[in-house]
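Accompanying notes for the structure given below.
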Amino acid sequence: MEEVGLVILPAPGIGHLISTVELAKRLVKQKPFSITILMMRFPVPGTDAYIKSVAASGLDIRFVDLPSIQFPPFEESQGPETFVSLFIERHKPLVKDAITSISASTKTRFVALIIDLFSTTMIDVATELGIPTYLYFTSCAELLALMLYLPTLHTQIPCEFHEYQGEVEIPGLRPLPPNVMPTPLMNKKTDGYAWFVHHGRRFRETQGIIINTFSELEPTALEAVTDGRCLPDHATPPIYPVGLLIALGENSQSKSTGLIEWLDKQPRASVVFLCFGSMGTFSPPQVKEIAQGLEKSGERFLWSLRCRASEKLSMPVDADLDQVLPDGFLDRTKGRGLVWPSWVPQAAILAHPAVGGFVSHCGWNSVLESLWFGVPILAWPLYAEQRLNAFQLVKDFGLAVEMKLDFDGHGLVSAEELERGVRCLMEDSEEGMKMRKTVEEKGEVSRNSLKDGGSSFASLERLADILIHGSAFPH
Ligand code: UDP
């Protein structure tokens, strides 16, 4: 019998890959789709065990490795967004061949190609094959609003954002200080900026935009996007908020043995957890400031500390603790602190009752995980759109404590500032209690939205219905 298939092409990066696979899991449970996930060959630490578990789950989801390609050159000055966009673009003929041959060999009619926000060049492939393209946007609705509006913003604010005196006005968003704009937008002369505008402009060519948020979390941004205010001169594709989609602890790695056992011995909500996403690292002087701040705060802590091997686009590597931490730090904090020099199972840690606060870089998946598990954040954004996420967390959601950062990137966050932030996060102040209550309430709403009758469930149902009745390849 002919299968109804979806092809999904996740971007290579844990923050994109895992939530995209979670979307596939949801869709295949909703309707009898046969799902093919095309994997570009790029090392994505922390995902192997998870992918294996999904592949062995019995769901109709198959992972297909695309052939290797020659990597584009990485130039630090052009930013990771340029690298990833070029890397994905080079896969165009491979994606076309894969869809054609899988369709022929498995008798699958593909009804959609689901792409990532960095993969809009693949719209050309889908158009050639006559398959509708859907975008899966793995970040927040605020960023989606901003990216849809970017071509307009580009003409409204021709100067660099750091030279701009006013606030940046984007439909559906509270006026933004220019320094919270995503990093690739902070230098308009770079290819990273041009790619961001390019992707934002092409979103309108898709048949629908699926997004990992839920309508109760970002109502005004979602409304502005849905009613077309962010795309004044063009029809906006239908928007499907289906979040929050996270993997609940399945991405743990065997190397973390001993860590959860350590948490088991700590009192309830007593530990502050520090973790900075797949790419977050700090300079040696900044590591020392963090250590001093933690020591002075007197709080219990669990710190995932990794370092960068070189300035190139290399993944962080395990830290040599004796080399990077201040002399005697580990002895002085023994018993109340644990520094873990490598990757940690973040979701399992946030789910642990001993964890009471999270010092986070505010990557969108980390934000969603903290919300799901009811852990408030001390916001320390580092790269990509994290400043925007942090701003929203503090000002709109009331889910995070703000930290004073040097947004020009030259200075350090002092030990005193970190100590202040950690105390504010962990102590039972009026502000802290209010934040904790808000996190718990929003977490419950997020879980309900995915249940039958919830907003994200309804959105997913609508999407699955449209997909299954859509046009197909081969015709
Ligand atoms: N993560 C993890 N262990 C680590 C670092 C990160 O499990 O040591 C996971 C984290 O739980 C999240 C993802 O990696 O699901 C990071 O995604 P996010 O969007 O927060 O940040 P990004 O890495 O994309 O900057």
Side-chain angles (χ1 to χ4, degrees), residues 76 179-180 183 186 270-311 314-344 346 349 355-363 366-367 370 375-384 386-387 389-391 393-394 400-427 429 431-432:
E76 191 75 32
N179 66 3
V180 306
T183 37
M186 293 313 275
S270 69
V271 175
V272 58
F273 169 48
L274 297 87
C275 189
F276 300 93
S278 53
M279 300 296 286
T281 54
F282 296 102
S283 64
Q286 183 65 80
V287 171
K288 296 213 161 52
E289 293 292 323
I290 297 174
Q292 283 163 16
L294 288 173
E295 194 173 342
K296 285 188 191 157
S297 76
E299 299 289 346
R300 291 171 196 270
F301 63 87
L302 168 58
W303 180 10
S304 164
L305 173 59
R306 292 182 303 145
C307 297
R308 192 159 298 269
S310 77
E311 284 309 308
S314 61
M315 289 293 169
V317 293
D318 289 1
D320 177 346
L321 297 186
D322 290 335
Q323 203 193 332
V324 292
L325 291 171
D327 285 345
F329 171 79
L330 290 175
D331 286 336
R332 291 193 299 275
T333 55
K334 202 170 182 164
R336 76 169 169 92
L338 179 63
V339 186
W340 200 262
S342 59
W343 187 263
V344 292
Q346 178 172 297
I349 292 170
V355 174
F358 182 24
V359 184
S360 170
H361 75 314
C362 302
S366 296
V367 169
S370 82
V375 183
I377 285 181
L378 173 61
W380 190 335
L382 298 175
Y383 51 89
Q386 293 151 16
R387 295 168 186 181
N389 296 347
F391 184 74
L393 274 172
V394 173
V401 176
E402 189 171 9
M403 202 152 66
K404 288 195 184 55
L405 302 171
D406 175 3
F407 273 142
D408 298 333
H410 298 307
L412 302 176
V413 171
S414 66
E416 290 69 30
E417 176 59 10
L418 181 72
E419 180 193 350
R420 183 201 63 78
V422 166
R423 283 185 192 279
C424 188
L425 184 70
M426 300 302 287
E427 285 175 1
S429 61
E431 191 194 345

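For Ala291, the side chain to side chain contact (heavy atoms under 4.5 Å, CB included) test picks out Trp303, Leu325, Pro326, Phe329, with sequence neighbours left out. Remark: Thr281 engages Arg308 in a side-chain hydrogen bond (donor to acceptor under 3.5 Å, both in side chains) (not counting sequence neighbours). Among residues two or more places apart in sequence or in another chain, the side-chain hydrogen bond (donor to acceptor under 3.5 Å, both in side chains) test is passed with Glu419 by Arg423. Among residues two or more places apart in sequence or in another chain, the ring pair (Phe, Tyr, Trp, His ring centres under 6.0 Å) test is passed with Trp380 by Phe276, Phe282. In this structure Asp320 satisfies the side chain to side chain contact (heavy atoms under 4.5 Å, CB included) test together with Asp322, Gln323, sequence neighbours excluded. Contacts of Ser304 classified as side-chain hydrogen bond (donor to acceptor under 3.5 Å, both in side chains), with partners at least two apart in sequence or in another chain: none. For Glu402, there are no side-chain hydrogen bond (donor to acceptor under 3.5 Å, both in side chains) partners, not counting sequence neighbours.
The minimum heavy-atom distance between Ser342 and Asp318, with the atom names listed, is CB-OD1, 2.9 Å. Heavy-atom minimum distance, Ser270 versus Arg300: OG-CD, 3.3 Å. Looking at every heavy atom in both residues, Phe358 comes nearest to Leu425 through N-CD2, 3.6 Å. Between Cys307 and Ala319 the shortest heavy-atom distance is SG-CB, 3.7 Å. Residues Met186 and Arg387 approach most closely at CG-NH1, 4.2 Å, considering heavy atoms. For the pair Gly421 and Leu378, the tightest heavy-atom approach, listed with the atom from each and the gap, is C-CD2, 3.6 Å.
Using a 4.5 Å cut-off on side-chain heavy atoms (C-beta onward), Leu338 and Val271 make no contact. Using a 4.5 Å cut-off on side-chain heavy atoms (C-beta onward), Val401 and Pro376 make no contact. Considering only heavy atoms from C-beta on, Ile377 comes within 4.5 Å of Cys362 through its side chain. Considering only heavy atoms from C-beta on, Leu274 comes within 4.5 Å of Leu294 through its side chain. Looking at heavy atoms from C-beta onward, Val355 lies out of side-chain contact with Leu302 at the 4.5 angstrom threshold.
Considering CG of Leu382 and CG of Leu405, their distance stands at 8.5 Å, rounded to 0.5 Å. Expressed to the nearest 0.5 Å, how far OG of Ser278 lies from CZ of Arg306 amounts to 7.0 Å. Taken from OG1 in Thr333 to CD in Glu299, the straight-line distance is 13.5 Å, to the nearest 0.5 Å. How far NE2 of His361 is from CD of Gln386: 4.0 Å, rounded to the nearest 0.5 Å. To the nearest 0.5 angstrom, Ser366 atom OG is 9.5 Å from Asn389 atom CG.
Side chain of Thr183 to backbone of Ala384: a donor-acceptor contact under 3.5 angstrom is found. Listed for the Arg336 side chain is no donor-acceptor partner under 3.5 Å among the backbone atoms of Phe301.
Judged as a side chain to side chain donor-acceptor pair (under 3.5 Å), the pairs with a partner in residues 282-296 (not counting sequence neighbours) are, in order, Glu295-Arg332, Lys296-Glu416.
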